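Right, one structure below, let's go through it.
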Amino acid sequence: MKKSNTNAYMALVLVSIFWGTTYLASRIGVRHTHGLMLAGVRQTIAGILLTGFFLLRGFKFPEKIILSRLFVIGVMMLCLSNGLITWAMQYIPSGLCAIIVATVPIWITIFSYFLVQRTKFTILLITGMLVGLLGVGGIFYDYLPSLANPEFRFGIFLTLISCISWAIGSVLTARWALKINFLYGAGFQMLFSGIVMTGTAIFMGYSLPLDGFNKELWGSIVYLVFFGSILGYSSYVFVLNNLPTSLASVYAYINPIVAVLLGWLILQEHLNWTTGLSCLVTLGGVYMVNMAVNRNKKEYGTTKS
């Protein structure tokens, strides 16, 4: 038990750091190809590796109903979330994108209320939502001049849609509770979403620059496949199965800080006291929301709608 907990804490550290660095890797990758193509190739390769690993170990091919639901979840959480986030980073800083994504727990709480369980809206929960939105508002205030740029606004729009899509996909995952190994299922989600995104990018007229070896592009893809998808997601699943959910959610507060600092240090992205303080306010609001939801689960249990 002690060894399992130690490994789980180590996995939590990996998730907290590596998922924060993927924003930087994506931001570098989209310098050389379209965001949907980058995300599509990343997820396709990761999906092939994961599903291939389990199939070689003798796992049976999932039933059609499970595959269809894995497809839906994959489209929601990877195509319309990860794909759109990667696309958005062609237009907005990676740190700003990570801060907006940090509001996902708020969106999950809202959609869970209608699709899974009736969460009790306590003062703490409502305050947390308002504080989180106030923090995001502070960040937008700091970027007011940039909002005049149509491409910047489009990047913000893509990021908001990605947050909503991830939240709905997370809620559907909890509601359906598919009877399949988490990582095996994740492999199919990655594979399905990767094929859809790559196909969409090709249809839009984009492709990978294969006329020469681009160190930045392929370095980004390799990093995202192994450290973002395979190692990162595997570690996250291990954390969820060995630590309390409230503790597992710690990664959500560290990821944006890692992304903001790396974007500032390596890509010279905008960072001042207003942005830093707004980031902390946003994370504080998200923390309050998570705390309120966990208290509600303990006091009232889960009531299916």
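In this text the structure is predicted, and so the values were computed from the model without any measurement.
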Do Leu160 and Leu133 share a hydrophobic cluster, counting only Ile, Leu, Val, Met, Phe, Trp and Tyr and linking them when any side-chain heavy atoms are less than 4.5 Å apart? no

Could you tell me if the ring centre of Phe188 sits under 6.0 Å from that of Phe61? yes

Quick check for you: to the nearest 0.5 Å, what is the distance between Met89 atom CE and Thr22 atom OG1? 7.0 Å

Can the ring centroids of Trp87 and Phe154 be said to lie less than 6.0 angstrom from one another? yes

Side-chain donor or acceptor of Ser193 paired with backbone N/O of Met190 under 3.5 Å: yes

Donor-acceptor list for residues 14-21 side chains, cut-off 3.5 Å, not counting sequence neighbours:
from, atom 1, to, atom 2, distance (Å)
Ser16, OG, Leu12, O, 2.8
Trp19, NE1, Gly228, O, 2.9
Thr21, OG1, Phe18, O, 2.6
Thr21, OG1, Tyr223, OH, 2.6

Mind running side-chain contact (heavy atoms from CB on, under 4.5 Å) on Leu78 and Ile73 for me, showing each step along the way? CA-CA 8 Å; Leu78 296 177; Ile73 294 173; over 6 Å; no

Beyond-backbone contact of Tyr184 with Leu55, side-chain heavy atoms, under 4.5 angstrom: yes

Rounded to the nearest 0.5 Å, what's the gap from NE2 on His34 to OG on Ser207? Could you check? 11.5 Å

Residues that Tyr287 engages under side chain to side chain contact (heavy atoms under 4.5 Å, CB included), provided they are two or more places apart: Tyr253, Met291

pair Leu217-Leu208: side-chain heavy atoms closer than 4.5 Å: yes

Over all atoms of both residues, closest heavy-atom pair of Thr103 and Cys163: OG1-SG, 4.3 Å

Is Val136 linked to Leu271 within one hydrophobic cluster, defined over Ile, Leu, Val, Met, Phe, Trp and Tyr using a side-chain heavy-atom separation of less than 4.5 Å? yes

Pairs meeting criterion side-chain hydrogen bond (donor to acceptor under 3.5 Å, both in side chains) with involvement of residues 59-86, two or more places apart: Gln43-Asn82

Run Leu191 and Leu50 through side-chain contact (heavy atoms from CB on, under 4.5 Å) and show every step you take. CA-CA 9 Å; Leu191 182 59; Leu50 267 181; over 6 Å; no

Taking atom OH of Tyr91 and atom CG of Leu158, what is their separation to the nearest 0.5 Å? 7.5 Å

With a 4.5 Å heavy-atom cut-off, do Ser229 and Leu224 have their side chains touching? no

Tabulate below the donor-acceptor pairs under 3.5 Å that side-chain atoms of residues 256-267 make, not counting sequence neighbours, or state none.
none

Under 3.5 Å, side chain of Arg42 to main-chain N/O of Ile221, donor-acceptor pair present? no

Mind jotting down which residue pairs meet the side-chain hydrogen bond (donor to acceptor under 3.5 Å, both in side chains) criterion with at least one end in residues 154-167? Sequence neighbours excluded, please. Trp166-Ser170

Over 60° means perpendicular and under 30° means parallel, so classify the ring planes of Phe54 and Phe59, tilted if in between. perpendicular

Following the transitive rule for hydrophobic clusters with a side-chain heavy-atom cut-off under 4.5 Å over Ile, Leu, Val, Met, Phe, Trp and Tyr, establish whether Ile180 and Val72 coincide in one cluster. yes

Show your reasoning for whether side-chain contact (heavy atoms from CB on, under 4.5 Å) applies to Leu49 and Val225. CA-CA 10 Å; Leu49 292 176; Val225 167; 4.2 Å; yes

Counting only heavy atoms not in Leu144 (residues, nucleotides, ligands), do more than 12 fall under 6.0 Å from its CG? yes

Closest non-hydrogen atom pair, Ala148 against Arg153: O-NH1, 3.4 Å

Decide if atom CE of Met10 counts as having more than 12 heavy atoms of other residues, nucleotides or ligands within a radius under 6.0 Å. no

With heavy-atom distances below 4.5 Å as the criterion, would you say the side chains of Thr33 and Pro209 are in contact? yes

Residue pair Ile92 / Cys97: nearest heavy atoms and the distance that separates them: CD1-CB, 4.0 Å

Rounded distance (nearest 0.5 Å) linking atom OH of Tyr236 with atom CG of Leu183: 13.0 Å

Pairwise distance OH(Tyr23) to CD1(Ile85) - rounded to 0.5 angstrom: 5.0 Å

Asn149: which residues meet the side chain to side chain contact (heavy atoms under 4.5 Å, CB included) condition with it, sequence neighbours left out? Glu151, Phe152

Verify the cluster assignment for Leu231 and Trp218: are they in a single hydrophobic cluster under the rule of side-chain heavy atoms below 4.5 Å apart? yes

Backbone N/O of Phe71 and side chain of Gln189: donor-acceptor pair under 3.5 Å: no

Going from SG on Cys79 to CG on Leu36, what distance comes out if it is rounded to the nearest 0.5 angstrom? 8.5 Å

I would like to know whether Val13 and Tyr9 meet side-chain contact (heavy atoms from CB on, under 4.5 Å); could you show each step before the answer? CA-CA 6 Å; Val13 171; Tyr9 284 116; 5.8 Å; no

Scanning both residues in full, the closest heavy-atom pair of Arg27 with Ser94 reads CB-CB, 4.0 Å

Gln90 side chain to Gly35 backbone, donor-acceptor under 3.5 Å: yes

Does one hydrophobic cluster hold both Ile195 and Leu70, with members joined at side-chain heavy-atom distances below 4.5 Å? no

Give me the atom names and distance for the closest heavy-atom approach of Gly29 to Ser220. CA-OG, 3.6 Å

Minimum heavy-atom separation for Ala102 and Leu283, please, with both atom names. CB-CD2, 3.8 Å

